[in-house]
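Please read these numbers as outputs of a predicted model, since none were measured by experiment.
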Amino acid sequence: NGELAKADSLLITAGDIEREYAALLRHRAINQELHHDIEQSEEFTRKRIEDIASRCYSKHQIHSLRYERDSAAYYLELRAELDPENMEWQVEFAEYLIEYIADYDTALTIYDKAVAKSIEINGEKHTETADILGLMGLCCQYSKEYDKAAECYNRALDINVELFGEEHERTAITYKYLGEYYTGLNDFSKAEEYFNKALYIQQKVLGIKHSDNATLYNSLGSNYNFLG
């Protein structure tokens with residue numbers, strides 16, 4: 001059949017199938033070997049990161065016990081830089097800078113990057129993103145960046161309400177942050193509103209006699225004194 005012969009001829013001119021098939025198998029085998037090597041390399045790197053991070057934290061603890069705060073912060077910074085996707089390490093470094101160094105600017109930079117990285121990994125509507133935003137809001141308050149603090153708290157509130165609903169402990173915690181924020185601004189009426197929202201949710205979720213309610217009672221009591 002002439003048509004079949006023509007088709008066969010065209011296939012032959014396209015190349016030797018058997019030779020190319022064998023070459024493809026060799027190429028695939030090489031790729032699999034490389035992939036195995038890459039996986040081994042990544043596992044080695046991961047273990048090295050964990051080992052160095054552990055030693056950095058030990059050095060941090062030693063310097064902390066000696067009250068050598070700059071050195072203690074340095075080793076937390078090294079650990080944080082080892083893995084920018086480890087939010088726990090980023091947050092711990094930022095919190096140390098706030099509590100012991102009073103370096104709010106650097107802490108805010110860390111939180112900014114941590115929020116961006118959390119959104120990149122988890123998305124905007126994620127508990128980790130909300131948690132970092134809440135901590136960032138506190139840092140903004142310490143550095144008197146009140147507008148940015150309010151923005152952080154409200155973003156965290158939106159996330160928690162969307163994920164868990166209005167009557168959830170996480171939502172109550174964010175309302176408490178907002179109450180403390182407005183107390184810091186001497187807007188005691190607004191603070192009272194948010195403390196009451198937090199208290200209502202906590203009483204409903206945790207029970208009226210839960211110990212966590214005591215903090216809110218104290219906050220409300222202080223507020224009433226200012227309101228007269």
Side-chain angles (χ1 to χ4, degrees), residues 87-105 107-119 121-228:
M87 295 298 106
E88 182 182 344
W89 294 354
Q90 311 308 312
V91 166
E92 193 165 355
F93 177 39
E95 287 182 326
Y96 189 86
L97 289 174
I98 292 168
E99 186 170 354
Y100 295 102
I101 311 291
D103 186 352
Y104 305 123
D105 290 340
L108 280 175
T109 299
I110 295 166
Y111 283 137
D112 262 327
K113 290 179 180 177
V115 168
K117 182 59 71 173
S118 180
I119 291 172
I121 297 169
N122 306 308
E124 172 84 23
K125 306 299 182 182
H126 193 275
T127 54
E128 187 172 73
T129 305
D131 288 342
I132 298 169
L133 283 166
L135 293 169
M136 189 173 175
L138 283 172
C139 186
C140 289
Q141 276 189 256
Y142 295 144
S143 61
K144 303 188 187 308
E145 296 185 42
Y146 297 114
D147 289 343
K148 191 169 183 180
E151 178 191 339
C152 290
Y153 289 142
N154 282 304
R155 284 176 67 188
L157 180 64
D158 289 343
I159 293 168
N160 285 325
V161 170
E162 183 164 333
L163 290 178
F164 303 102
E166 180 74 17
E167 294 180 357
H168 191 276
E169 189 178 359
R170 289 182 61 91
T171 305
I173 290 169
T174 315
Y175 279 138
K176 178 170 164 266
Y177 282 156
L178 282 162
E180 291 167 350
Y181 165 76
Y182 282 107
T183 298
L185 293 180
N186 295 329
D187 188 343
F188 302 113
S189 295
K190 198 73 173 172
E192 180 186 0
E193 175 189 337
Y194 283 111
F195 284 139
N196 275 320
K197 283 184 177 183
L199 182 60
Y200 171 79
I201 295 167
Q202 282 194 179
Q203 287 178 334
K204 193 161 187 179
V205 174
L206 303 175
I208 293 175
K209 295 184 178 181
H210 195 279
S211 58
D212 284 359
N213 295 332
T215 304
L216 286 167
Y217 285 128
N218 287 333
S219 298
L220 281 165
S222 298
N223 249 40
Y224 291 144
N225 286 334
F226 286 114
L227 286 169

S222 side chain to N218 main-chain N or O, any donor-acceptor pair under 3.5 Å? yes

Looking at K117, I want to see if its NZ is surrounded by more than 12 non-hydrogen atoms of other residues, nucleotides or ligands under 6.0 Å. yes

Can you label the angle between the Y194 ring and the Y182 ring as parallel, tilted or perpendicular, going by 30° and 60°? parallel

If you compare all heavy atoms of C139 against all heavy atoms of Y111, which two are closest, and at what distance to 0.1 Å? CB-CE1, 3.9 Å

List the atom of S143, the atom of L108, and the distance in Å for their closest heavy-atom pair. OG-CD1, 3.7 Å

Would you name the heavy atoms of A107 and A94 that are closest together and state the gap between them? CB-O, 3.8 Å

For the residue pair Q141 and Y146, what are the closest heavy atoms and their distance? O-CE2, 4.0 Å

Backbone of L178 reached by a side-chain donor or acceptor of N154 within 3.5 Å: no

Does the pair K148/E151 count as a salt bridge with the N-to-O cut at 4.0 Å? no

Has Y217 got more than 12 heavy atoms of other residues, nucleotides or ligands less than 6.0 Å from its OH? yes

Verify, without hydrogens or angle tests, whether R170 (side chain) and A130 (backbone) share a donor-acceptor contact under 3.5 angstrom. no

Work out which heavy atom in Y175 is nearest to a heavy atom in A198; give both atom names and the distance. CB-CB, 3.9 Å

Inter-residue atom distance I201.CD1 - E169.CD, 0.5 Å rounding: 10.5 Å

Heavy-atom count check: over 12 atoms from other residues, nucleotides or ligands less than 6.0 Å from Y142 OH? no

Does a side-chain heavy-atom distance below 4.5 Å link I98 with L135? no

Specify the closest pair of heavy atoms between S118 and I132, including all atoms of both residues, with the distance to one decimal. CB-CD1, 4.2 Å

Between R155 and E124, does at least one N-O distance fall below 4.0 Å, as a salt bridge requires? yes

Output all residues satisfying ring-ring contact (aromatic ring centres under 6.0 Å, His included) with F93, sequence neighbours left out; order by chain, then residue number. none

Roughly how far, to the nearest 0.5 Å, is the CG atom of D212 from the CD1 atom of I173? 8.0 Å

Between Y177 and L157, does a side-chain contact (heavy atoms from CB on, under 4.5 Å) hold up when you go through it step by step? CA-CA 10 Å; Y177 282 156; L157 180 64; over 6 Å; no

How many angstroms lie between atom CG of N196 and atom CD of Q203, to the nearest 0.5 angstrom? 9.0 Å

Flag if over 12 foreign heavy atoms under 6.0 Å of CD, E166: yes

Identify, with sequence neighbours excluded, every residue that meets side-chain contact (heavy atoms from CB on, under 4.5 Å) alongside T183. F188, A191, F195, N223

Under 3.5 Å, is there a donor-acceptor pair linking the side chains of N122 and E128? yes

Run the numbers on I159 and H126 for side-chain contact (heavy atoms from CB on, under 4.5 Å), then give the verdict. CA-CA 7 Å; I159 293 168; H126 193 275; 5.9 Å; no

Mark yes or no for whether T129, through its side chain, and K125, through its backbone, hold a donor-acceptor pair below 3.5 Å. no

Reported CG-to-CG distance for the pair L199 and N213, which is rounded to 0.5 angstrom: 5.5 Å

Are the side chains of H168 and N160 in contact, using a 4.5 Å heavy-atom criterion? no

